[in-house]
Amino acid sequence: MDKRWALVSVVLGLLVMAGPAMGKKEKMCDKGWECRGPSVYCCNATIMDLFQVYQFENLFSKRNAPVAHAIGFWDYQAFITAAALFEPLGFGTTGGKQMQMKEIAAFFGHVGSKTSCGYGVATGGPLAWGLCYNRELSPNQDYCAESYEYPCSPGALYHGRGALPVYWNTNYGVIGEGIKVDLLNHPEYLEQNATLAFQAAIWRWMTPMKKKQPSAHDVFVGNWKPTKNDTLSKRLPGFGATMNILYGDLACGQGFIDSMNNIISHYQQYLDLMGVGRSSLATTWTAQSSWLSTLLEKLHPPELKISTKGTHVST
């Protein structure tokens, strides 16, 4: 009996010592419509706390110029409404203020580059013309790929649309399922509703595009931990890795250095305009420069590619 009570005493003692650690829970918060909890990320500042209307206007100052092609379409409220769906998941709410601002700038760096109509001598400079487009103006094909899971809808056209332009029926199908909107039968929704266009782009930013691949969000904020081989190959968390995720990491026999530099330039410009500055990039950028220079020669064109099996968004 004494031995039994001794054993019970030891077990109880261990439970008492472990109790606080075992019972400890992360703080969860709910900030209403913009960050609907409970979520640990909602305990941080929201995007509206850090990124306001005037900053959006600074980033995309020429989007409503007379020569722009989507006048009156894109606005701050559409972005915030879409972003609110993803803030509880960590979009723009991961880490401290600097990381939060950097992620917003990184996301918009891609968006601004892919929707820009700027050029070298454009008024305001070539980086002031993001969100000039909301669709591909002169598609040279219908972007309809044979697919059992995501067959083309009669009369639907699957050319590029949105903030991170979506191409091909399979990609409209996958992204539509992700945001619970029938984009396969109604791809035109992405050029008719700016909130949906931003929502589709943020979903793509937050979601792994292939099996065993992290999301652009994860590689940027540091959730992704590179393997030893990744490290040796200079595949490191940061902005460079987001280009790999979004546009592909397989050699396609062509170089797109100018287009990738354009994305980088937009990101750096937006960091400056948002008051974050580029100094925080120095360490990461130096570490990634070798890998990135190789990547830039291998990347696919800046659009979603065919996913013939229709099971994943192929980039």
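Positions are given from 1 along the sequence.
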For S153, the side chain to side chain donor-acceptor pair (under 3.5 Å) test, sequence neighbours excluded, returns N185
Side chain to side chain donor-acceptor pair (under 3.5 Å) involving S113 - partner list, sequence neighbours excluded
N262
Among all residues two or more places apart in sequence or in another chain, which pass the side chain to side chain donor-acceptor pair (under 3.5 Å) test with E177?
Y150
Check: Q100 side chain, G92 main-chain N or O, donor-acceptor pair, under 3.5 Å:
yes
Name all pairs fulfilling the disulfide bond (SG atoms under 2.5 Å apart) condition that reach into residues 133-176, sequence neighbours left out, sorted by first residue then second.
C144-C152
Write out all pairs satisfying side chain to side chain donor-acceptor pair (under 3.5 Å) with one or both partners inside residues 127-137, taking only residues at least two apart or from two chains.
E136-Y143
Sort and list the pairs that fulfil side chain to side chain donor-acceptor pair (under 3.5 Å) and have at least one residue in residues 64-87, not counting sequence neighbours.
Q77-T81
Look at the side chain of N193 and the backbone N and O of Y189, then say whether any donor-acceptor pair between them is shorter than 3.5 Å.
no
Non-neighbouring partners of M206 that pass side-chain contact (heavy atoms from CB on, under 4.5 Å), sequence neighbours left out:
F86, L89, F91, E103, I202, H217
Below 6.0 angstrom between ring centroids: does that apply to F79 and F60?
no
Under the side chain to side chain donor-acceptor pair (under 3.5 Å) test, which residues partner E191, sequence neighbours left out?
R161
Under the disulfide bond (SG atoms under 2.5 Å apart) rule, what pairs show up with a residue in residues 62-114, not counting sequence neighbours?
none
Can you measure from CH2 (W205) to CG (L164) and round to the nearest 0.5 angstrom?
8.5 Å
Write out all pairs satisfying side chain to side chain donor-acceptor pair (under 3.5 Å) with one or both partners inside residues 39-49, taking only residues at least two apart or from two chains.
E34-T46, T46-D49
Excluding sequence neighbours, so at least two apart, what forms salt bridge (Lys or Arg N to Asp or Glu O under 4.0 Å) with D272?
R278
Under the rule for side-chain contact (heavy atoms from CB on, under 4.5 Å), what residues qualify as partners of K27, not counting sequence neighbours?
C29, C43
